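Worth saying up front: this structure is predicted, and the values here are computed from it rather than measured. Excluded from the calculations below are hydrogen atoms, water molecules and symmetry mates; all remaining heavy atoms, backbone and side chain alike, are included. Proteins come first, then strands; the chains are lettered A, B, ... in the order of their sequence lines, and each starts at number 1.
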Number of protein chains: 2
Amino acid sequence: MSSKLTAGDLQVINRVAVFRGLKPETVQHVIAPATATMLRPHELIMRQEEPATAFFIVIDGWLKISRNTQSGGETVIDMMKKGDSFAEAAAFSGGRYIATAEAVNIARVARIPADHLIRCIRESPDIALAMIASTSQRMHYLVQQVEQLKAQSGVQRVAEFLASLSAAEQGRCALALPYDKILIAGRLGLTPESLSRAFAKLRGVGVTINASKVDVDDIVELRRIAADDRNAVRGTLRPVR
Amino acid sequence: MSSKLTAGDLQVINRVAVFRGLKPETVQHVIAPATATMLRPHELIMRQEEPATAFFIVIDGWLKISRNTQSGGETVIDMMKKGDSFAEAAAFSGGRYIATAEAVNIARVARIPADHLIRCIRESPDIALAMIASTSQRMHYLVQQVEQLKAQSGVQRVAEFLASLSAAEQGRCALALPYDKILIAGRLGLTPESLSRAFAKLRGVGVTINASKVDVDDIVELRRIAADDRNAVRGTLRPVR
DNA sequence: GCCTTTCCTTGACTTTGGTCAAGCGACCGG
DNA sequence: CCGGTCGCTTGACCAAAGTCAAGGAAAGGC
């Protein structure tokens, strides 16, 4: 189940954003008591409401970060991939996890105990700054998330999501959906049905979706749709069967 | 405009959540170079995209934390009141502010320079832990926000908002809306019109709104509406003129 | 191989919430 | 005191998105 880190694990961990700017020996020290776990699909590594005793780094695979709603449902909060870290802030504040982390596919996750981390911080405060920077990033994401949910329509969120998958400056580009459409729908606050229909509308502006392969005729157009006013887009987007 | 802290300012600052658990002398040290500013309605103390050179504590009044959308609109992210602190994480990470803070009414805000704060942390790491704890709280709020926007209907968000204004365990209670309905609408991701209609629906379950005074017949019922499944509520909520 | 399950799409329909327009009352400045 | 602006509400309408149901295609188990 859980084991010491392999050389490959260390490879990934040393490049992780949360440790950016720390001296290699500091990183070594922080991850000394870390363990790594292989997860099968649907296995959980972090459970909402449980005491926060560690934080995590994704070494490989995709994890779904979700919350159980009062009404028994589930809300996708974020998706984590190789190189992402999560629950840093919870681990420090000694509270409980506010969300659940579930493996989407076969995944490998490193676990760094919170008590050790706090001891490390007392020795070298730079670690604290690194963690705060990482937390700040996460917060930025959440703020953007709130903004998108409040200010953009479903199609616009889909357009922005697709555009974010490509680094292309402009013009035509091909990309692959990173995970199930059901999960994409959840991440964007839509039902799978609505996501399908959003894709159908985007077909009209040169976006071709075939299983998990996507072809975009003009990524600038896609970004324009996302950036436009909610109502400005209306005429241009008719569903194409 | 900006001035040294008054005795009254210190009163508030010493009780603030972000400094909870720190020794009084540590707090003294952190806020040594702090200044306080009086803000008139609509004045800004923090501007999105500007370099994050400080973090803030609200001494009095209400501030609106908002973001300018790409399409030229504005999204309310949060409302801050006396005793709240904000932009801690941004101040550390040396990036830029990700949102704008605007006074809603006459307000007073303390400003703690980031460079001094970082020096403090290197001296006593406990400050870092306090800041992380505070950031963690903020993140919890944002996660809940995302959850609410994705999982609850407008009326449900309104019900939850009203319920959160009262500490009452159960039964009848009276409460006051803390700020304009336009701002409440923004905070909940609704238009003012939709908020009005949501209020009209809640009238049917014993919620009376008169200007900024609200009377709730049964707060448990209100919480039930918020916690129910999006669809379960449907029959029970018809608008009452 | 086949059968089952899961993912995804589409259609028809309903509900929710935004838009536009009108109107009222409170507050403010002159 | 008047006329303005602003906050709030209501009505009529429309667009966006959820629900329910059906069906096809792909993947995985036996």
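- Summarising the geometry, the separation between CD1 on A:Ile209 and P on C:dC7 is reported as 19 Å, rounded to the nearest angstrom.
- Between A:Lys181 and C:dT9, a side-chain N or O to OP1/OP2 separation shorter than 4.0 Å is present.
- With rounding to whole Å, B:His42 atom NE2 is found 9 Å from D:dC6 atom P.
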Look for any protein N or O under 3.5 Å of an N or O in nucleotides 24-29 of chain D and output each such pair with its distance, or none.
none

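- For the helix from C:dG1-D:dC30 to C:dG30-D:dC1, the rotation axes defined at the first and last 5 base pairs enclose an angle of 40°, given to the nearest 10°.
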ask   = In the 5'-to-3' direction, what one-character label does each nucleotide of nucleotides 14-30 of chain C receive under the scheme B = base within less than 4.0 Å of a protein heavy atom, S = sugar-phosphate only, - = no such atom?
value = -SSSBBB----------
Please set out all donor-acceptor pairs under 3.5 angstrom arising from side-chain atoms of residues 73-83 of chain A, sequence neighbours excluded.
from	atom 1	to	atom 2	distance (Å)
A:Glu74	OE1	A:Lys64	NZ	3.1
A:Glu74	OE2	A:Lys64	NZ	3.4
A:Asp78	OD1	A:Tyr141	OH	3.3
A:Asp78	OD2	A:Arg138	NH2	3.4

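- The existence of a salt bridge linking A:Glu147 and B:Arg67 is confirmed by a sub-4.0 Å separation between a basic side-chain nitrogen and an acidic carboxylate oxygen.
- Every side chain to side chain donor-acceptor pair (under 3.5 Å) that B:Gln152 has, sequence neighbours left out, goes to B:Glu160.
- Under the side chain to side chain donor-acceptor pair (under 3.5 Å) criterion, A:Ser196 pairs with no residue, sequence neighbours left out.
- Applying the salt bridge (Lys or Arg N to Asp or Glu O under 4.0 Å) test to A:Asp84 and every residue at least two apart in sequence or in another chain returns nothing.
- The nearest whole Å value for the distance from the CG atom in A:Leu202 to the P atom in C:dT9 is 12 Å.
- Under the side chain to side chain donor-acceptor pair (under 3.5 Å) criterion, B:Thr191 pairs with B:Ser194, sequence neighbours left out.
- If you measure from atom CD of A:Gln156 to atom P of D:dA15, you get 16 Å, rounded to the nearest angstrom.
- Checked against salt bridge (Lys or Arg N to Asp or Glu O under 4.0 Å), A:Arg111 has no partners two or more places apart in sequence or in another chain.
- In this structure, the CG atom of A:Asp180 is 18 Å from the P atom of C:dT5, given to the nearest Å.
- Qualifying salt bridge (Lys or Arg N to Asp or Glu O under 4.0 Å) partners for A:Arg172, counting only residues two or more places apart in sequence or in other chains: A:Asp217.
- Every residue two or more places apart in sequence or in another chain was checked for a salt bridge (Lys or Arg N to Asp or Glu O under 4.0 Å) with A:Arg230, and none qualifies.
- By the ring-ring contact (aromatic ring centres under 6.0 Å, His included) test, A:Phe55 is found to be paired with no residue, residues two or more places apart in sequence or in another chain being considered.
- For the atom pair A:Leu5 CG and A:Ile57 CD1, the distance stands at 9.0 Å (nearest 0.5 Å).
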